[in-house]
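Read the structure below first, then the notes.
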Amino acid sequence: MSTVQRFLEGLNPQQLAAVTESTGHVLVLAGAGSGKTRVLTTRIAWLIHGGHASALQILAVTFTNKAAREMIDRIGAMLPINPRAMWIGTFHGLCNRLLRLHHRDAQLPQGFQILDSQDQLAAIKRMLKAAGVDDTRCPPRELQMFINSAKEAGLRAREVEVNGGRDRLWVELFESYERQCQREGLVDFAELLLRSYELLSRNEPLRSHYQQRFRHILVDEFQDTNVLQYRWLKLLAGPGSSVFAVGDDDQSIYRFRGAHVGNMADFEREFQVSQVIKLEQNYRSYGHILEAANRLISHNAQRLGKNLWTAEGQGERPVLFEAASDGLEASWIVEQVRQLSDAGLRPSDMAILYRSNAQSRVLEHALFTAAVPYRVYGGLRFFERAEIKNALAYLRLASNPHDDVSFARAVNFPARGIGTRTLEQLQDAAAGAQCSLYAAIGSLAGRAGASLAQFGRLIEALQSAASTQSLPELVASTIQQSGLAAHYAGEREGQERLENLEELVNASTSFAAEQGYAASAAGAASAAEADAEQAAFAAGAASAAEVSPLTAFLAHASLEAGDNQAGQGQDALQLMTVHSAKGLEFDAVFITGLEEGLFPHENSLSEGGGLEEERRLMYVAITRARKHLFVSFAQARLLHGQTRYGIRSRFLDELPPESVRWLTPRRSRMPEPVPYWNAPAAPRGAMSTQAAAVAHHGFQVGQSVRHPKFGDGVVIRLQGAGGDARAQIQFGQAGIKELLLAVAKLERA
DNA sequence: AATCCGTCTATTTTT
DNA sequence: TAGACGGATT
């Protein structure tokens, strides 16, 4: 068929092989910029249009909503079908869909609420308080980590291995958190995964239904999957189905949040992948940039092995620059930005990347002073804003009044005379009666009881509004009735918050419109199918179509926190961490702060495999650049209010010398002491510290030294005098050491 | 109920 | 240095 031919046109042989592989499971090693998304979407189009599968037989999983949206849009552009007929979404989104459809079997109320990390932490704190456990014996954040990592490993509280009293306590708290969530109909992110995993593993008919249905399972960013997600996929992949996994082990940078690169090798072995397809042709960067990336990553031992190449020319060599201070590094970047602008690049074609968010300050300052428009990624997202969460808490209560997380949030905001005392009494009453806070309202008498009763009536009013009004009407009236509108209207800085609440109404309007579209139009096929599923597996339960718009909207708000960027649209230079740059590309890229201790980050060096992950991070950074790449570091940097003297990152020495261009003399890895007057970012106090640091032993803060065992380093602090004089020294490999000057064989360099 | 003050911490982040 | 948080104060 000619349409199919047209899809396949222009694919390189490896891409073509991946797209049209028709037997068994497939592992695609997709290098940066190798057209991975194109392969995924083209394969889906090929499967459907070539008659290999129907849209209903396809399940495609991504990590972010953005990636899912992109996939849906691109398929929509290729095929005349409604892509919503397919199950395409994030792991969490798909699990949500599954659990709503089969909430009975999953032992959840139909309108279960999803807790984001913030909500989860609040729930944990509340549980700790109820259990009477001291925050110091069990820091809430650590318990949260403990619970989430257990769940992500597929473990329930009872399955966690206990060694010692501390563990026992934590496991008990884990258990009571689980009970609390179950009682209140709350599901955290990890629970979405675990609960649907358990649902499928325990319910054989349901499992085989979905196994037979999903003939083709496609997974994006496979290197980022965690242990539970891998098991989930394995469970869903029945006999005769094909799993198509796309990933790049060299871009695995999320181990710290549970990603398990080993899944790639496990997949190859356990699914008996006969052929691993490597996509190595890069369509993004010029040759010298790719050579830099290839050489750098070749220093990693743990690799599946892959080398990027391009059919385009060599292009410019990446430029390396050594600055005396972070301030001067920033000024140099601004100057390069100017030159690039003169050469015709728009600010939005350029990005400045850094390892940690704290580094953005100096850069922002320099850009602001030079009047370069810029935009910083990161920070609060729309649905995470306090005012939005407050409004959502009321909406959640309208949907499920027994959601104590939302109750606790809403009950006294805006203030309505229900203080900590009253709340404690209510908590006790609820704990005694084993019921929700809302259900316990009646048990309190007196003035406090009256205030609570009034709040209870508010919830009931919202509930009835929810059953009569349209979603946008409900959102608007909730903002009014809750008193949030009045509260923010009376606040000095409340205007912006009011606007955000207005925006929430708009969001609900467009959400409702989209849902309506999906339910009608070509989505009829999926609706019919979903109904069939209902008839077979959830007899008596509400069908998917009956999940109320409010419930759907609340799930949407939890699962998609909204844009992560400040003001968009305008032509601005992009500032972001290397992590958030993954998946993006720019004509010009600046990678900053290439200093030992910062990049690679010192905290990573103590973790096994940490250095290799840092190196992959650098690899990701380099491969973001299309034409121009600038890599820089500073001898002195203001960090936590103190000037830190850094050594050039080892990563710079791992780049191919013939493919890069040093703008500053490339010395041995020992910077000269920095004259403070060259370091405008340093506080005035630094001057006196440094002047005072010159002592009779002849060492000075910022001084380069060499130690027979630890190698090259820089003095970062001096204390004591005479025979007791000590120096703290930042070594390249060995990290920070404190040495007695009288004893240590330090050589001045 | 709002505000102030001392303490603590500071890598990366999506769902 | 700066920001977030919790406890105490007004």
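Here is how names work: the chains are called A, B, and so on, in the same order as the sequence lines, proteins then strands, and each is numbered from 1.
- Considering only side-chain atoms of A:H579, the nucleotide from B:dT15, B:dT13, B:dT11 that sits closest is B:dT13.
- Contacts of A:K582 with the nucleic acid, taken as non-hydrogen atoms under 4.0 Å apart, are absent.
- The side chain of A:N357 sits closest to B:dT13 out of B:dT15, B:dA1, B:dT13.
- For B:dT15, neither phosphate oxygen OP1 nor OP2 lies less than 4.0 angstrom from any side-chain nitrogen or oxygen of A:K66.
- Separating the CD atom of A:Q113 from the C1' atom of B:dT15 is a distance of 16 Å, rounded to the nearest angstrom.
- Of the candidates B:dT11, B:dT12, B:dT15, B:dT15 carries the atom nearest the A:S117 side chain, counting heavy atoms from C-beta on.
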Exercise. Do A:H579 and A:F256 pass the ring-ring contact (aromatic ring centres under 6.0 Å, His included) test, and can you show the C-alpha distance, the side-chain angles, and the key distance before you say yes or no?
Worked result: CA-CA 12 Å; A:H579 282 91; A:F256 72 92; 5.7 Å; yes
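- For the pair A:N148 and B:dT15, the criterion of a side-chain N or O lying under 4.0 Å from OP1 or OP2 is not met.
- Between A:Q223 atom CD and B:dT14 atom C1' there is a gap of 14 Å when expressed in whole angstrom units.
- Atom CD of A:E491 has more than 12 heavy atoms from other residues, nucleotides or ligands within 6.0 Å.
- A:N226 has no side-chain polar atom (N or O) that falls below the 4.0 Å cut-off from OP1 or OP2 of B:dT14.
- Atom P of nucleotide B:dT14 and atom CG of A:L115 are separated by 19 Å, given to the nearest angstrom.
- No contact: A:D119 has no heavy atom under 4.0 Å from any strand.
- Using a 4.0 Å heavy-atom cutoff across all strands shown, A:Y254 reaches sugar-phosphate atoms only and no base atom.
- No hydrogens or angles considered: a donor-acceptor pair under 3.5 Å links the side chains of A:S399 and A:Q113.
- Ring pair A:F599/A:F651 is perpendicular by interplanar angle, where above 60° counts as perpendicular and below 30° as parallel.
- Regarding A:Q359, its CD atom lies at a distance of 16 Å from the C1' atom of C:dA2, rounded to whole Å.
- Contact check, A:N65 against B:dT14: no side-chain N or O comes under 4.0 Å of OP1 or OP2.
- Within a 6.0 Å radius of CD in A:Q118, more than 12 heavy atoms belonging to other residues, nucleotides or ligands are found.
- Comparing the same atom, C1', in C:dG3 and in B:dT14 gives a spacing of 23 Å after rounding to whole Å.
- Taking the nucleotide of DNA chain B with the nearest heavy atom to each of A:R416 and A:E613, the more 5' of the two is matched to A:R416.
- Note on A:S580: a side-chain N or O is less than 4.0 Å away from OP1 or OP2 of B:dT13.
- Per the geometry, CG belonging to A:L192 stands 13 Å off P belonging to B:dT15, to the nearest Å.
- Atom CZ in A:R616 sits about 13 Å away from atom C1' in B:dT12, given to the nearest Å.
- When atom types are taken as modelled, the side chain of A:D224 and the backbone of A:I253 share no donor-acceptor pair closer than 3.5 angstrom.
- Side-chain proximity of A:H640 to B:dT15, B:dA10, B:dA1: nearest is B:dA10.
- Across B:dT15, B:dT11, B:dT13, the shortest atom-to-atom separation from the side chain of A:F256 is found for B:dT13.
- For the pair A:R141 CZ and C:dG6 C1', the interatomic distance rounds to 13 Å; values are reported in whole Å.
- Taking the six-membered ring where the residue is Trp, A:H556 and A:F511 present tilted rings, their angle falling between 30° and 60°.
- Using a 4.0 Å heavy-atom distance criterion, A:R255 is classed as making no nucleic acid contact.
- With B:dT11, B:dT13, B:dT15 as the choices, the nucleotide that has an atom nearest any side-chain atom of A:R257 turns out to be B:dT13.
- A:M145 places its CE atom 13 Å from the P atom of B:dT11, with the value rounded to the nearest Å.
- The side chain of A:R361 contributes no N or O atom lying less than 4.0 Å from OP1 or OP2 of C:dA2.
- Where A:G419 and A:T577 meet DNA chain B, the nucleotide closest to each residue was compared, and A:G419 sits on the side nearer the 5' end.
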